[in-house]
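Here the structure is laid out as structure tokens; the discussion comes afterwards.
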Amino acid sequence: MKIYNSYTDSLEEFQSIHPEKVNMYVCGPTVYNYIHIGNARPVVFFDTVRRYFEYKGYTVQFVSNFTDVDDKIIQKAMEDKIPELELSSFFIRAFMQDVEDLNCITDYKKPKVTDYMAPIIEYIDHLIQTGFAYQVDGDVYFRVSKIKDYGVLANRDVDEMIAGSRIEVNDQKENPLDFTLWKKTEDGIKFDAPFSLGRPGWHTECVVMIDDIFGEEIDIHGGGMGLKFPHHENEIAQAEATHHHHVARYWMHNGLLNFKDTKMSKSLGNVIFVKDVNEKMPLRYYLLSTHYRSPLVFTDDVFSMYVKEWEKLESAYRSVFYKLDLADTLNEDIQITDSAVLAEIQNFEEAMDNDFNTANAITALQSVLKIANVNLRKTNNDDLMNQIIVALELMTNVLGLRIDVSRISQEDRAVYQKWLQARTDKDYDLADQYRKELMEKGIL
RNA sequence: GGACCCUUAGCCAAGUGGUAAGGCACGGGACUGCAACUCCCUCAUCGCCGGUUCAAAUCCGACAGGGUCCUCCA
């Protein structure tokens, strides 16, 4: 399979460091608010990446952090007059609820900055000892000039960045590009370190967590395009300083989500929270409808289109399922042998193998729906119908699209028989009554 | 000031040198007791201009429009 590596800006054949195993880390949220649908994009996408690797037979160790120490958290906590940890734990729970509602796998490791304070301090201290960092009046900065590859990930020329800077230079730094490892603070939660009473910078946590949990370079590091610079660049700089590798073999960055014509961001205030979107599966479907590296535009009209497509998927799947269930011929242990269905599974895998092209994978899914609908009214094709169910399940599992169906109860079966009988009797008033009941349950 | 990205039918979206996948909407049929669902058919020469090539949506250049980033902002 091929993955687009942001570090080299090219499509590369994926080769895991350890056979049959994928170690991946995705930058998680700073927990001071609910997440919006733009924040949900990497969450859903990298969950899908994980699912596909598992489908391919890999064991995936998936890690995603929570940044629970940060200026924004401190500020919000002060506004709300509650302790920082109370605020962050509230939004961690809210995040997990959203993640679960989006049908993401939730049993992954979720380290928090507050759990890693000692190793982070130790790590910063080590950088100072080795000359990669320096202290100025209680603050600690990373010495970027020591890293010769700095700027490779973000594809930036260091000299140009300095020349083009329009931001006021912090004259405490040796070099304007140096970034904060530790910040001496007056307000809010503070931690005791040899440098000062303060809090860590944002860029160190991921490196320390990855080192602690994986103990070596990992296969994949993911996150939003917006994190590429400076966050990921700085992670790499630190890893080069201490571990002499680039954190990950493959860096993956998803495109941002725009709301109408600008990006959706908390600071612009044009956000739609995940928790406020009722149609969670259509949301997931929408987020996967475009290749992950392309920008995605959200408007109500576009979203309603995906709500509709989702309903088509759901209704076709249910129709096939209930057809088999009513005939008592449901059999999900069947082998797929139908050439058309097999071809679509192959298309699906080829799409996913090609840098997780979920847009094309969805096309394969839709083709299976077509096969289902075309054959739904035919008889004596239970075998094919069962193969379709298996194929749909395979695809929707990889994409994380959950369709709720359950076996039809005895009572509903009776209603179904009565409906058929009433139609045979041409008693349409009665038939319509039964039909309404069955439709409300989604059986028809 | 600098770097990078995007522009495919009414809408969403694949496609990276060989004469435009798929979905939604529209229109025309079919099925149905009526309806819903579903099915069949129809629906674009790829922002604009110029260049390279036997051949370009796909490569190069200019222009227009949109977007992101440029030192503690996720």
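Hydrogens, waters and symmetry mates play no part in the numbers below; they use all other heavy atoms, side chains included.
One atom, CZ of A:Phe66, and another, C1' of B:A74, lie 15 Å apart when rounded to the nearest Å. B:A13 atom C1' lies 20 Å from atom CZ of A:Phe356, rounded to whole Å. Look at CZ on A:Arg423: it is 15 Å from P on B:C31, rounded to the nearest Å. Rounded to whole Å, atom P of B:A74 lies 13 Å from atom CD of A:Glu235. Rounding to whole angstrom units, CG of residue A:Asn258 and P of B:G66 are separated by 13 Å. Per the geometry, CG belonging to A:Leu256 stands 14 Å off P belonging to B:A74, to the nearest Å. Atom CG of A:Asp429 and atom P of B:A35 are 16 Å apart (whole Å). One atom, CG of A:Asn347, and another, C1' of B:G23, lie 16 Å apart when rounded to the nearest Å.
Open room surrounds CD on A:Glu186; 12 or fewer heavy atoms of other groups in view lie less than 6.0 Å from it. In A:Lys323, the NZ atom is crowded: over 12 heavy atoms of neighbouring residues, nucleotides or ligands sit closer than 6.0 Å.
Comparing B:C11 with B:U19, their C1' atoms are spaced 26 Å from each other, to the whole Å. Going from the C1' atom of B:U58 to that of B:G15 covers 8 Å, rounded to whole Å. Here the separation of B:C31 from B:A36, taken at their C1' atoms, is 12 Å to the nearest Å. Between the C1' atoms of B:A44 and B:A25, the separation comes to 15 Å (whole Å). Rounded to whole Å, the separation between the P atoms of B:U32 and B:C48 comes to 47 Å. Distance check on atom P: B:G1 versus B:C63 gives 14 Å, rounded to whole Å. Between the P atoms of B:A56 and B:C60, the separation comes to 15 Å (whole Å). Comparing B:A14 with B:A20, their C1' atoms sit 10 Å apart, to the nearest whole Å.
Checking B:A74, B:C24, B:G22 against the side-chain heavy atoms of A:Thr363 singles out B:G22 as nearest.
Heavy atoms of A:His203 sit nowhere under 4.0 angstrom from any nucleic acid atom. Across all strands shown, A:Gly226 has heavy atoms under 4.0 Å from base atoms, whether or not it also approaches the sugar-phosphate. When heavy atoms are screened at a 4.0 angstrom cut-off, A:Lys370 is found touching the sugar-phosphate backbone but no base atom. Among the heavy atoms of the strands, none lies under 4.0 Å from A:Phe179. If you check every strand for non-hydrogen atoms under 4.0 Å, A:Asp70 touches sugar and phosphate atoms only. Nucleic acid contact for A:Asn373: sugar-phosphate only, since backbone atoms but no base atoms lie under 4.0 Å from a heavy atom of the residue.
Ranked by how close their nearest RNA chain B nucleotide is to the 5' end, A:Val374 and A:Ser289 are led by A:Ser289. If you find the closest nucleotide of RNA chain B to A:Arg377 and to A:Leu296, the one lying nearer the 5' end belongs to A:Leu296.
Between A:Arg51 and A:Asp47 there is a salt bridge, since a side-chain N of the basic residue sits under 4.0 Å from a carboxylate O of the acidic one. Look at A:Asp192 and A:Lys190 and you find no salt bridge, because none of the NZ, NE, NH1 or NH2 atoms lies under 4.0 Å from a carboxylate O. A salt bridge between A:Arg199 and A:Asp71 is present, with a side-chain N of the basic residue lying under 4.0 Å from a carboxylate O of the acidic one.
Look at A:Lys312 and you'll find a side-chain N or O under 4.0 angstrom from OP1 or OP2 of B:C24. OP1 or OP2 of B:A13 lies within a sub-4.0 Å distance of a side-chain N or O belonging to A:Thr290. Between B:U68 and A:Lys228, no contact under 4.0 Å exists linking OP1 or OP2 to a side-chain N or O.
A donor and an acceptor atom, one from each side chain of A:Glu240 and A:Tyr150, are nowhere located under 3.5 Å apart.
For B:G15, the base has no donor-acceptor partner in the side chain of A:Asn357 [N/O atoms by modelled type, under 3.5 angstrom]. Side-chain atoms of A:Arg435 and base atoms of B:C34 include a donor and an acceptor less than 3.5 Å apart.
B:A36 is unpaired under the Watson-Crick or G-U wobble criterion, no partner having all donor-acceptor distances under 3.5 Å. The partner of B:C69, taking Watson-Crick or G-U wobble pairs whose two distances both stay under 3.5 Å, is B:G2.
A distance of 6.0 Å or more separates the ring centres of A:Phe91 and A:Tyr32.
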